[in-house]
Amino acid sequence: MSELKRLIKKLCPDGVEWKTIKEICNIYSGGDVPKENFSKTKTDVYNIPVISNGIGNNALYGYTNINKITEEAVTVSARGTIGYAEYRNYSYFPVIRLLSVIPKNKIYLNTKYLYYVLQKQNYNIPKAGIPQLTSPIMQKISIPVPPIEIQREIVRILDKYSEKVTALQHELEKEFELRKKQYAYYLNKLLTFGDDIEWKTISEVADNFTGLTYKPTDTGSDGTLVLRSTNILNNRLVFKNNVFVKMDNIPERAIAKGNDILICVRNGSRDLIGKSAIIPKTNEKMAFGAFMTVLRAKETINYKFLFYIWQSYSVQKQLCGNNAMPINQITSKDFSRIKIPVPPIEEQERIIKILDKFDNLCNDLTSGIPAEIEARKKQYEYYRNKLLQFN
């Protein structure tokens, strides 16, 4: 018999108490940091993390000199990444999009146990207005509260399992990055040309079109699919988190066609700008959003060659400029100034054949690695949920 089963049989053979968060925890809403108390970088004075509603490292917003939360707590995203929970065992300042949940009595409720419970929690968020998790909603949530000895044993088991899963994920992510670098190396090697090849601007070899502007009231569960940045993953078109619009008069310029190259040209995240994918030939009508554009190759260039050359170091350097920093957006002017090599069609097709094979090989591997990472996450969630099931 495992230690956990022994403790359950001994301490709560007939089930455990369930309590609302309001009964056993204090909830603190985040706020705004005064400008005079904020710094984007850490200093001797501004050394307390300002935590936002991002996930992982993206949650660090900056630093302050105000000690807002000084004890163990669980932060839960109130907006955006609603419900995302994180364990905090250091002083921090939560922003307005964050709730901090702190046990009233740590002898009765272990903070790390609370974190694992809130990780699996589903919140009933009202659909009207801006979706957000509020303190009143959080207060009504009921959770199982077994004796503290059982809580500690569950934490010990999940901590150990989580460490193993995290270590494996890091190894898989390293392999993923290595594959991407290997692919980029060979792509740039094949797409490096000298002055003996004709160079033209992207606007000379392809037309570009602006995407569709629509309102939330135009969207629905069916209609015309609108391609957005979320539909691009590893230079492939994916159909996840799809948005459909019910509009009778979608401009022809915003309708995607087979062999178009879809590019993210505006986004809140600079890392997404420039991401691209080829739109396959299909009978399904598809549009693309206002933050996207498509390049439609002319006769002088093969669309696949244009797709590969767009990913090359030569183009990315021209996009970012000499400071090598990501740009805020890509405009029609950028397509008019960026020059690319345009070898004869026969040479383009030769290069495409080589890169297609290498691209397929790398994507078989790189698509398998994220799938394995996702499988490990689900495995962890399965065991966590099993451990936290109580009568």
Side-chain angles (χ1 to χ4, degrees), residues 21 25-35 37-43 45-103 110-123 125 130-135 137-138 141 155 158-159 162-163 165-167 169-170 172-174 176-177 229-230 233 241 267-273 325-326 328 370 373-374 376-378 380-381 384:
I21 294 294
C25 295
N26 292 315
I27 302 172
Y28 301 94
S29 298
D32 293 321
V33 186
K35 289 183 179 180
N37 299 104
F38 179 77
S39 171
K40 271 291 184 184
T41 57
K42 188 176 183 179
T43 67
V45 175
Y46 301 101
N47 54 14
I48 297 167
V50 177
I51 303 299
S52 184
N53 61 330
I55 293 176
N57 294 332
N58 292 328
L60 181 60
Y61 185 70
Y63 296 89
T64 184
N65 58 352
I66 302 174
N67 254 336
K68 187 78 179 274
I69 305 294
T70 59
E71 55 184 315
E72 268 187 316
V74 180
T75 57
V76 183
S77 295
R79 292 186 188 176
T81 53
I82 292 176
Y84 174 74
E86 192 61 78
Y87 170 70
R88 313 282 177 190
N89 59 350
Y90 51 83
S91 297
Y92 66 93
F93 188 108
V95 301
I96 200 166
R97 296 178 294 277
L98 212 60
L99 297 177
S100 296
V101 187
I102 302 175
N110 182 288
T111 308
K112 197 71 176 287
Y113 170 81
L114 173 66
Y115 157 66
Y116 283 125
V117 171
L118 292 181
Q119 263 194 334
K120 69 184 285 289
Q121 186 62 54
N122 292 318
Y123 298 95
I125 306 298
I130 299 173
Q132 61 180 324
L133 175 62
T134 63
S135 290
I137 294 174
M138 177 64 78
I141 298 299
V155 168
L158 287 176
D159 277 354
S162 180
E163 286 172 10
V165 170
T166 301
Q169 286 178 0
H170 286 164
L172 291 170
E173 285 163 2
K174 283 181 185 177
F176 183 47
E177 289 303 314
S229 61
T230 52
L233 179 66
N241 302 316
N267 198 281
S269 171
R270 288 186 173 188
D271 292 339
L272 291 176
I273 295 174
M325 290 295 289
N328 291 313
I373 292 172
E374 187 62 27
R376 295 297 176 178
K377 287 181 181 178
K378 288 181 178 178
Y380 161 74
E381 290 170 2
R384 180 199 64 202

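Just so we're clear, the structure is a prediction, and the values are computed from it rather than from any experiment.
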Which residue pairs satisfy the salt bridge (Lys or Arg N to Asp or Glu O under 4.0 Å) criterion with at least one member in residues 77-103, sequence neighbours excluded?
none
Val50 versus Val95: any side-chain heavy-atom pair under 4.5 Å?
yes
List for me each residue that meets side-chain contact (heavy atoms from CB on, under 4.5 Å) alongside Asp32, sequence neighbours excluded, and say none if there are none.
Ile96
Going from OG1 on Thr64 to CD1 on Ile51, what distance comes out if it is rounded to the nearest 0.5 angstrom?
11.5 Å
Go through the structure and list residues passing side-chain hydrogen bond (donor to acceptor under 3.5 Å, both in side chains) with Tyr380, not counting sequence neighbours.
Gln119
To the nearest 0.5 angstrom, please state how far the CG atom of Leu133 sits from the OG1 atom of Thr81.
10.5 Å
Is there a side-chain contact between Thr134 and Tyr123 (heavy atoms, below 4.5 Å)?
no
Donor-acceptor pair between Asn267 and Ser229 side chains, under 3.5 angstrom
yes
Residue pairs meeting ring-ring contact (aromatic ring centres under 6.0 Å, His included), one or both in residues 72-92, sequence neighbours left out, come to none
Is any side-chain heavy atom of Ile69 closer than 4.5 Å to a side-chain heavy atom of Ile102?
yes
Should we say atom NZ of Lys40 is surrounded by more than 12 heavy atoms from elsewhere, each under 6.0 Å from it?
yes
Closest non-hydrogen atoms of Lys112 and Val155, given as atom of the first, atom of the second and distance, are CG-CG1, 3.6 Å
Please name all residues satisfying side-chain contact (heavy atoms from CB on, under 4.5 Å) with Asn47, sequence neighbours left out, ordered by chain then number.
Lys42
Heavy-atom side-chain proximity of Leu114 to Cys25 below 4.5 angstrom
yes
Can you tell if the side chain of Tyr63 reaches within under 4.5 Å of the side chain of Val33, non-hydrogen atoms only?
no
Looking at every non-hydrogen atom in both residues, tell me the closest pair between Ile48 and Ser91 and how far apart they are.
CG2-O, 3.9 Å
Can you tell if the side chain of Ser77 reaches within under 4.5 Å of the side chain of Leu98, non-hydrogen atoms only?
yes
Does CG belonging to Asn67 count more than 12 external heavy atoms closer than 6.0 Å?
yes
Partners of Asn65 by side-chain hydrogen bond (donor to acceptor under 3.5 Å, both in side chains), sequence neighbours excluded?
Asn37
Quick one: closest heavy-atom pair of Ala59 and Gly54, and the distance?
CB-O, 3.3 Å
Results of side-chain contact (heavy atoms from CB on, under 4.5 Å) for Glu177 - residues two or more places apart only
Lys180
Any side-chain heavy-atom pair from Thr111 and Val74 closer than 4.5 angstrom?
yes
For Tyr28, enumerate each residue passing the side-chain hydrogen bond (donor to acceptor under 3.5 Å, both in side chains) test, keeping only those at least two apart in sequence or located in another chain.
none
What heavy-atom pair brings Thr41 and Ser39 nearest, and what distance separates the two atoms?
O-OG, 2.7 Å
I'd like to check the ring-ring contact (aromatic ring centres under 6.0 Å, His included) partners of Tyr61; sequence neighbours left out, ordered by chain and number.
Phe38
With sequence neighbours excluded, what pairs up with Lys68 under the side-chain hydrogen bond (donor to acceptor under 3.5 Å, both in side chains) test?
none
Find the distance between CG (Asn26) and CD (Glu71) and round it off to the nearest 0.5 Å.
8.0 Å
